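These notes concern the structure reproduced below.
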Amino acid sequence: MSTNLRRIQKIKGGSYIVSLPSDWVRDNGLDVTREVEVFESSGIIKIRPKKDFNSERIIEYTDEETAEYLISVYYMQGMTKISLQSKDVISRDVKDRIKMLQLELPGLNLKEETFNSLIFEVDEDILKVQDSFFDFSNKALSILKDVTKVIETPREDMKQDLTSRCLALNSDYYKLIRSIALTVQRDDKYKLDVPIKDIILYAVASRDLGRFITHTRLLINNIKQEDMKLRDEILLLINTMENIISMFKSEDINMAPRIRRNAHEILQNLKSSSESNKELERMTGYALALMDDAVHKAVHI
C-alpha cells in the first residue's frame with residue numbers, strides 16, 4: 001500500500017475521523033461490523049485489527065538441555081506463562097536443576113509442580129531500554145577495571161568475586177532482552193523510550209555486550225601469574241569501551257577512528273596463543289562490534 005494523504009474531518013461531539021484505505025481493510029479481512037485497535041506509540045497513532053496475544057507456551061519435555069534452552073527463549077521473548085510437561089515422571093534432580101533458572105531469569109517464578117510438569121509465571125516488570133543498556137554497560141566496564149587488579153594479584157577469591165558479578169550481569173542481559181521484545185511487540189501497552197530504529201540497535205548491542213561479558217568471565221578464569229603483561233592491553237580496552245559508551249550517548253561518529261586504532265593496537269600486541277590472550281582477542285572483537293552498533297545508531301534519515 002503506497003503512502004497517501006488523507007484529510008482529517010471533525011464530527012459532532014468534538015471527535016476527529018480519518019478514512020481507512022479500502023485495500024488495507026480488505027487485506028485484513030475487515031468490514032463495517034469489525035473493530036480495530038487505535039493507540040499511540042512514540043508520537044504515532046497506530047491502527048490494527050483487534051488482536052488476541054498468546055503469551056503462554058507449553059514445552060513437551062524431551063531432555064533437560066532443550067527444556068532449559070526453550071524456557072530461556074520464551075522468557076526473553078516476553079511469555080508470561082511457560083509450562084513444561086512430560087508424558088512420564090520428570091526426575092527430582094532434573095526438576096531441581098531446571099528450577100534453578102529462577103536465579104538466572106529475573107521475575108521467573110514456579111507456580112505449580114506435579115510429577116510430570118513444572119509451570120512458571122513471569123512478572124511483567126519492564127525496564128526502560130536506554131537507561132538499562134547504559135547501566136548494563138557501566139557494570140561491564142566496572143568488572144573490566146577490576147580485572148586489572150586480578151592480573152596484578154591473581155587471587156582465587158578475587159577471581160570468584162568477578163565471576164559471580166559476570167553471572168549476575170547475565171541476568172541483567174536476559175531481563176533487558178525481554179523488555180526490548182515486549183516493548184516492540186506490545187507497544188500498545190508499554191511505552192517505547194527510544195525510537196524503533198534505535199531499539200533494534202540496542203538489542204544488537206546488548207547481544208554483543210552479553211558476549212563481551214561471557215569472554216570476560218572466561219578471561220578471568222584463565223588469568224595466571226605470567227599474564228601480568230596483559231595489563232596494558234586491558235587498560236587500553238577499558239579506554240576503548242569508555243569511548244564506545246560515550247559514542248552511544250553523544251552519537252559522535254568522529255570517535256570511531258580512534259576506537260579502531262586502539263583495537264588494532266591491542267590485537268597487534270597479543271602475540272602469545274595463551275587462553276587469556278585468545279579471550280582478550282575475542283573481547284576486542286566484540287568491542288569493535290559495539291562500536292559498529294554505536295555508529296549505526298548515530299545515522300538518521
Side-chain angles (χ1 to χ4, degrees), residues 41-44 76-77 127-145 147-148 166 169-170 172-185 187 190-219 230 232-270 277-301:
S41 176
S42 299
I44 300 171
M76 286 190 284
Q77 292 307 311
L127 302 173
K128 287 187 175 297
V129 172
Q130 183 169 265
D131 291 347
S132 298
F133 175 78
F134 288 123
D135 181 60
F136 187 38
S137 303
N138 288 328
K139 286 179 180 178
L141 190 56
S142 176
I143 289 172
L144 191 58
K145 289 177 178 178
V147 169
T148 61
C166 287
L169 263 191
N170 281 339
D172 290 357
Y173 166 75
Y174 294 137
K175 182 67 175 292
L176 178 53
I177 295 298
R178 175 179 171 81
S179 296
I180 290 172
L182 275 171
T183 51
V184 169
Q185 295 176 90
D187 57 341
Y190 303 111
K191 185 176 177 61
L192 290 169
D193 61 314
V194 295
I196 284 289
K197 182 183 85 72
D198 286 0
I199 206 168
I200 294 169
L201 288 166
Y202 276 121
V204 174
S206 297
R207 178 204 61 191
D208 292 333
L209 187 55
R211 291 174 178 172
F212 179 91
I213 292 163
T214 295
H215 290 291
T216 301
R217 177 170 57 83
L218 295 171
L219 169 68
L230 285 180
D232 290 343
E233 278 65 55
I234 292 177
L235 287 172
L236 190 54
L237 184 56
I238 289 169
N239 178 257
T240 301
M241 290 295 289
E242 288 174 337
N243 288 332
I244 291 168
I245 294 170
S246 177
M247 194 197 301
F248 264 101
K249 293 178 179 179
S250 68
E251 298 192 345
D252 179 8
I253 63 175
N254 292 320
M255 302 175 71
R258 180 168 70 251
I259 291 169
R260 293 179 67 86
R261 284 195 300 271
N262 286 353
H264 181 71
E265 183 178 341
I266 293 168
L267 295 173
Q268 284 289 100
N269 292 337
L270 296 176
N277 278 29
K278 289 178 182 177
E279 296 304 339
L280 189 53
E281 182 178 344
R282 293 178 182 115
M283 290 163 64
T284 304
Y286 282 114
L288 284 172
L290 281 163
M291 182 211 71
D292 197 43
D293 301 333
V295 171
H296 281 272
K297 176 180 176 290
V299 179
H300 302 276
I301 295 176

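Remember, it's a predicted structure, so these values are computed and weren't measured experimentally.
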Can Lys278 and Glu281 be counted as an ion pair, charged N to O under 4.0 angstrom?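 No, this pair does not count.
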Val204 side chain near Arg207 side chain, heavy-atom distance below 4.5 Å: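 The answer is yes, as the side chains (C-beta and beyond) meet within the 4.5 Å cut-off.
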Is the shortest side-chain heavy-atom distance between Tyr173 and Ile213 below 4.5 Å?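 The answer is no; the side chains never approach within 4.5 Å.
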What's the separation between atom [atom1] in [X] and atom [atom2] in [Y], rounded to the nearest 0.5 Å?
{"X": "Leu219", "Y": "Met283", "atom1": "CG", "atom2": "CE", "result": "5.5 Å"}
{"X": "Phe212", "Y": "Ser137", "atom1": "CZ", "atom2": "OG", "result": "10.0 Å"}
{"X": "Thr214", "Y": "Leu218", "atom1": "OG1", "atom2": "CG", "result": "7.0 Å"}
{"X": "Leu169", "Y": "Leu209", "atom1": "CG", "atom2": "CG", "result": "7.5 Å"}
{"X": "Arg260", "Y": "Leu288", "atom1": "CZ", "atom2": "CG", "result": "6.5 Å"}
{"X": "Ile266", "Y": "Ile234", "atom1": "CD1", "atom2": "CD1", "result": "9.5 Å"}

Would you list the pairs meeting salt bridge (charged side-chain N to carboxylate O under 4.0 Å, His left out) in which at least one residue belongs to residues 132-142, sequence neighbours left out?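 Every pair satisfying salt bridge (charged side-chain N to carboxylate O under 4.0 Å, His left out) with a residue in residues 132-142: Asp135-Lys139, Lys139-Asp172.
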Looking at [Y], is its backbone amide N or carbonyl O close enough to the side chain of [X] to form a donor-acceptor pair, meaning the two atoms are under 3.5 Å apart?
{"X": "Thr148", "Y": "Leu144", "result": "no"}
{"X": "Gln268", "Y": "Ala263", "result": "no"}
{"X": "Ser132", "Y": "Val129", "result": "no"}

List the atom pairs, with distances to 0.1 Å, where a side-chain N or O of residues 290-301 and a protein N or O form a donor-acceptor pair under 3.5 Å, not counting sequence neighbours.
unit_1, atom_1, unit_2, atom_2, d
Lys297, NZ, Phe248, O, 3.0
Lys297, NZ, Glu251, OE2, 2.8
His300, NE2, Glu251, OE1, 3.1
His300, NE2, Lys297, O, 3.3

Go through the structure and list residues passing side chain to side chain contact (heavy atoms under 4.5 Å, CB included) with [X], not counting sequence neighbours.
{"X": "Gln130", "value": "Phe134, Asp193, Val194, Tyr202"}
{"X": "Asn138", "value": "Ile245"}
{"X": "Glu242", "value": "Leu141, Lys145, Ile238, Asn239"}
{"X": "Arg258", "value": "Asn243, Met255, Arg261, Asn262"}

Report the residues that fulfil side-chain hydrogen bond (donor to acceptor under 3.5 Å, both in side chains) with [X], sequence neighbours left out, ordered by chain and then residue number.
{"X": "Arg217", "answer": "none"}
{"X": "Glu233", "answer": "Asn269"}
{"X": "Ser246", "answer": "none"}

Apply the test side chain to side chain contact (heavy atoms under 4.5 Å, CB included) to residues Gln185 and Gln77: give CA-CA distance (whole Å), side-chain angles for both, the deciding distance (0.1 Å), then the verdict. CA-CA 9 Å; Gln185 295 176 90; Gln77 292 307 311; 4.2 Å; yes
Within 6.0 Å of CD1 in Ile253, more than 12 heavy atoms from elsewhere: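 Atom CD1 in Ile253 is not crowded, with 12 or fewer foreign heavy atoms closer than 6.0 Å.
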Under the salt bridge (Lys or Arg N to Asp or Glu O under 4.0 Å) test, which residues partner Lys128, sequence neighbours left out?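 Result, salt bridge (Lys or Arg N to Asp or Glu O under 4.0 Å) vs Lys128: none returned.
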Which residues pass the salt bridge (Lys or Arg N to Asp or Glu O under 4.0 Å) test with Asp198, not counting sequence neighbours?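 Here no residue qualifies.
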Of all residues at least two apart in sequence or in a different chain, which pass the ring-ring contact (aromatic ring centres under 6.0 Å, His included) check with Tyr286?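 Per chain and number, Tyr286 pairs via ring-ring contact (aromatic ring centres under 6.0 Å, His included) with His215.
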